[in-house]
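Sequence lines set the chain letters: A, B, ... in the order given, protein chains first and strands last, and positions in each chain run from 1. All of these numbers come straight from a predicted model, not from anything done at the bench.
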Number of protein chains: 2
Amino acid sequence: MTYSIGQVADKLDISPYTLRYYDKEGLLPFVDRNAAGRRRFKDNDFNFLEVIVCLKEAGVPVKQIGHFIDLCMTGDSTLHDRYDFLAEHEAQLEAKMARLQHTLDFLRWKKWYYKTALQAGTESIHYLPGTNHVDPAVHAEFNRLVANGARPKDLGAL
Amino acid sequence: MTYSIGQVADKLDISPYTLRYYDKEGLLPFVDRNAAGRRRFKDNDFNFLEVIVCLKEAGVPVKQIGHFIDLCMTGDSTLHDRYDFLAEHEAQLEAKMARLQHTLDFLRWKKWYYKTALQAGTESIHYLPGTNHVDPAVHAEFNRLVANGARPKDLGAL
DNA sequence: ATAGAATCTAGAGTTAACTCTAGGTCAAGC
DNA sequence: GCTTGACCTAGAGTTAACTCTAGATTCTAT
């Protein structure tokens with residue numbers, strides 16, 4: 001069974017333009033061509049495509065993905081490099097997810113900040129008396145609620 | 001207490017170029033200037049900067065962050081819009097983290113794939129007999145190990 | 001007082017990752 | 001047989017987010 005570029009594009013929810021661009025950048029050296037020069041993807045190619053999509057989602061630049069594909073095409077002598085490549089990007093992704101968790105925590109505290117302002121009808125309830133400056137005690141109060149067992153995600157819900 | 005653009009840049013680990021670019025894009029309307037026209041950041045400005053950095057990390061485009069800052073400068077009439085804005089990006093970030101978790105799972109399965117190939121000295125242990133095509137049973141085997149309680153993160157460790 | 005560092009603006013340059021255009025070939029349905 | 005749509009390449013265009021340059025000004029430390 002083989003697939004045209006359009007069929008692959010539909011399956012992966014990627015445009016044919018993008019697939020050709022990936023090919024130009026060396027990400028798809030495994031794809032066959034028919035007599036007329038059109039790309040014919042095989043079932044096994046989806047194993048590579050899956051990896052490409054995964055690395056893209058992980059934020060790996062196209063050039064580096066191309067390097068990984070090069071390693072794949074070279075054979076068993078590169079197994080260790082391929083392992084290291086994946087381990088490196090696993091670590092980077094773990095670090096990114098930790099950062100995003102902090103970002104999410106912050107977003108939730110700010111949501112609570114606006115929820116309480118909204119309920120009071122004015123943001124000024126959070127200001128130091130006689131200023132437009134946020135009272136640091138407000139964040140401390142939020143943290144206290146969380147420390148007492150409230151879930152950040154719930155605190156911000158209207 | 002006020003801070004120069006360079007001091008803020010150091011604190012936030014952002015270049016002064018980038019801060020000026022953000023200003024040009026309307027993200028920093030709250031920053032004062034001294035008599036010579038130089039930016040003077042106040043302590044309270046860090047509340048805004050924190051939000052900007054958070055939204056950037058969450059992947060929100062600069063233009064949209066500018067819109068949020070506009071809402072902030074307008075006053076209490078926009079409290080609901082600001083709440084909705086944060087709620088929307090909270091949801092988007094949650095979705096992104098779920099996708100990244102899948103990506104991480106995939107990366108770990110591939111790491112295990114290469115770990116086992118490495119231990120065998122050849123990737124061909126994963127191929128269907130007489131082909132260069134990966135046996136789908138290999139992924140199934142990994143899933144079985146996970147279902148039996150192994151942690152994906154540990155399975156790939158050398 | 002003065003040298004060197006930091007800042008200012010306007011605007012040009014860079015980079016990554018697409019995204020599309022032009023001009024042509026190929027294939028499937030009527 | 002002919003039309004319509006999918007595909008091809010080469011290369012131009014786009015967009016976001018910086019990043020830097022030039023030329024002028026200002027601040028800081030001797």
Novice: Expressed in angstrom and rounded to an integer, what is the separation of A:Asp23 atom CG from C:dT19 atom P?
Specialist: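 From A:Asp23 CG to C:dT19 P: 17 Å.
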Novice: At under 4.0 Å, does any side-chain N or O of A:Arg33 touch on OP1 or OP2 of D:dT9?
Specialist: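 Answer yes for this pair, as a side-chain N or O of A:Arg33 is under 4.0 Å from OP1 or OP2.
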Novice: Please find the pair of heavy atoms, one from A:Pro16 and one from A:Ile5, that lie closest to each other, and give the distance.
Specialist: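 Shortest heavy-atom separation between A:Pro16 and A:Ile5 comes out as O-CD1, 3.7 Å.
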Novice: Strictly distance-based, threshold 3.5 Å: is any side-chain N or O of A:Tyr83 a donor or acceptor partner for the main-chain N or O of B:Leu158?
Specialist: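 Between the backbone of B:Leu158 and the side chain of A:Tyr83 there is a qualifying donor-acceptor contact (under 3.5 Å).
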Novice: Output one line per pair: protein atom, nucleotide atom from nucleotides 13-17 of chain C, and distance, for all N/O pairs under 3.5 Å.
Specialist:
unit_1: C:dA17; atom_1: OP2; unit_2: A:Val62; atom_2: N; d: 3.4

Novice: Given D:dC8, C:dT19, C:dC8, identify the nucleotide with an atom nearest to the side chain of A:Arg20.
Specialist: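 Comparing D:dC8, C:dT19, C:dC8 against the side chain of A:Arg20, the answer is D:dC8.
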Novice: Main chain of B:Arg99, side chain of B:Thr103: is a donor-acceptor contact present, judged purely on distance under 3.5 Å?
Specialist: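 Flag set: sc B:Thr103 to bb B:Arg99 pair under 3.5 Å.
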Novice: I want to check one thing: is the phosphate of C:dT7, taken as OP1 and OP2, less than 4.0 Å away from some side-chain N or O of B:Ser4?
Specialist: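 Checking B:Ser4 against C:dT7: at least one side-chain N or O falls below 4.0 Å of OP1 or OP2.
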Novice: Hey, can you pull the residues of residues 35-47 of chain B with a non-hydrogen atom under 4.0 angstrom from DNA chain D?
Specialist: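 The stretch gives B:Ala36, B:Arg38 as the residues lying under 4.0 Å from the strand, ordered by number.
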Novice: Whole angstrom is fine here: how far is it from CG in B:Asp32 over to P in C:dC8?
Specialist: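 In whole Å, C:dC8 P and B:Asp32 CG are 13 Å from each other.
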Novice: Whole angstrom is fine here: how far is it from CG in A:Leu19 over to C1' in D:dT9?
Specialist: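 The distance from CG of A:Leu19 to C1' of D:dT9 comes to 16 Å, rounded to the nearest Å.
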Novice: Donor-acceptor pairs under 3.5 Å, side chain of residues 34-44 of chain A to any protein atom, not counting sequence neighbours: which ones?
Specialist:
unit_1: A:Asn34; atom_1: OD1; unit_2: A:Ala36; atom_2: N; d: 2.9
unit_1: A:Asn34; atom_1: OD1; unit_2: A:Gly37; atom_2: N; d: 3.1
unit_1: A:Asn34; atom_1: OD1; unit_2: A:Arg38; atom_2: N; d: 2.9
unit_1: A:Arg39; atom_1: NE; unit_2: A:Asp23; atom_2: OD2; d: 2.7
unit_1: A:Arg39; atom_1: NH2; unit_2: A:Asp23; atom_2: OD2; d: 3.2
unit_1: A:Lys42; atom_1: NZ; unit_2: A:Phe30; atom_2: O; d: 2.9
unit_1: A:Lys42; atom_1: NZ; unit_2: A:Asp32; atom_2: OD2; d: 3.4
unit_1: A:Lys42; atom_1: NZ; unit_2: A:Asp45; atom_2: OD1; d: 3.1
unit_1: A:Lys42; atom_1: NZ; unit_2: A:Asp45; atom_2: OD2; d: 3.3
unit_1: A:Asp43; atom_1: OD1; unit_2: A:Tyr3; atom_2: OH; d: 2.6
unit_1: A:Asn44; atom_1: OD1; unit_2: A:Asn47; atom_2: ND2; d: 2.7
unit_1: A:Asn44; atom_1: OD1; unit_2: B:Val134; atom_2: N; d: 3.2

Novice: Would you call A:Lys63-A:Glu25 a salt bridge at under 4.0 Å N-O?
Specialist: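 Here A:Lys63 does not pair with A:Glu25 in a salt bridge, since their nearest N and O are not under 4.0 Å apart.
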Novice: Over how many whole Å does the gap from A:Tyr17 atom OH to D:dA10 atom C1' extend?
Specialist: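 One finds 14 Å between C1' of D:dA10 and OH of A:Tyr17, rounded.
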Novice: Between A:Arg108 and B:Glu94, is the closest basic N to carboxylate O distance under 4.0 Å?
Specialist: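 So B:Glu94 pairs with A:Arg108 through a salt bridge.
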Novice: Drop me the distance from A:Cys54's SG to A:His89's NE2, to the nearest 0.5 angstrom.
Specialist: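 So the SG of A:Cys54 and the NE2 of A:His89 are separated by 10.5 Å.
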Novice: Without decimals, in angstroms, what is the distance between A:Asp13 CG and C:dC18 P?
Specialist: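 In whole Å, C:dC18 P lies 13 Å from A:Asp13 CG.
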Novice: Taking the nucleotide of DNA chain D with the nearest heavy atom to each, does A:Ile5 or B:Thr18 sit closer to the 5' end?
Specialist: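 It is A:Ile5, whose closest nucleotide lies nearer the 5' terminus.
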Novice: Would you say the side-chain atoms of A:Glu88 pair up with the backbone N or O of A:Phe85, donor to acceptor, closer than 3.5 Å?
Specialist: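 Between the backbone of A:Phe85 and the side chain of A:Glu88 there is no qualifying donor-acceptor contact (under 3.5 Å).
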Novice: Do the side-chain N or O atoms of B:Asn34 get closer than 4.0 angstrom to the phosphate oxygens (OP1, OP2) of C:dT7?
Specialist: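 Result: no.
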Novice: Once you round it to whole Å, what is the distance between P of D:dT19 and CD of B:Glu25?
Specialist: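 Atom-to-atom, B:Glu25 to D:dT19, this comes out as 14 Å.
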Novice: Does a salt bridge link A:Arg82 with B:Glu123, judged by any charged N lying under 4.0 Å from a carboxylate O?
Specialist: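 Looking at B:Glu123 together with A:Arg82, the answer is yes, because their closest N to O distance falls below 4.0 Å.
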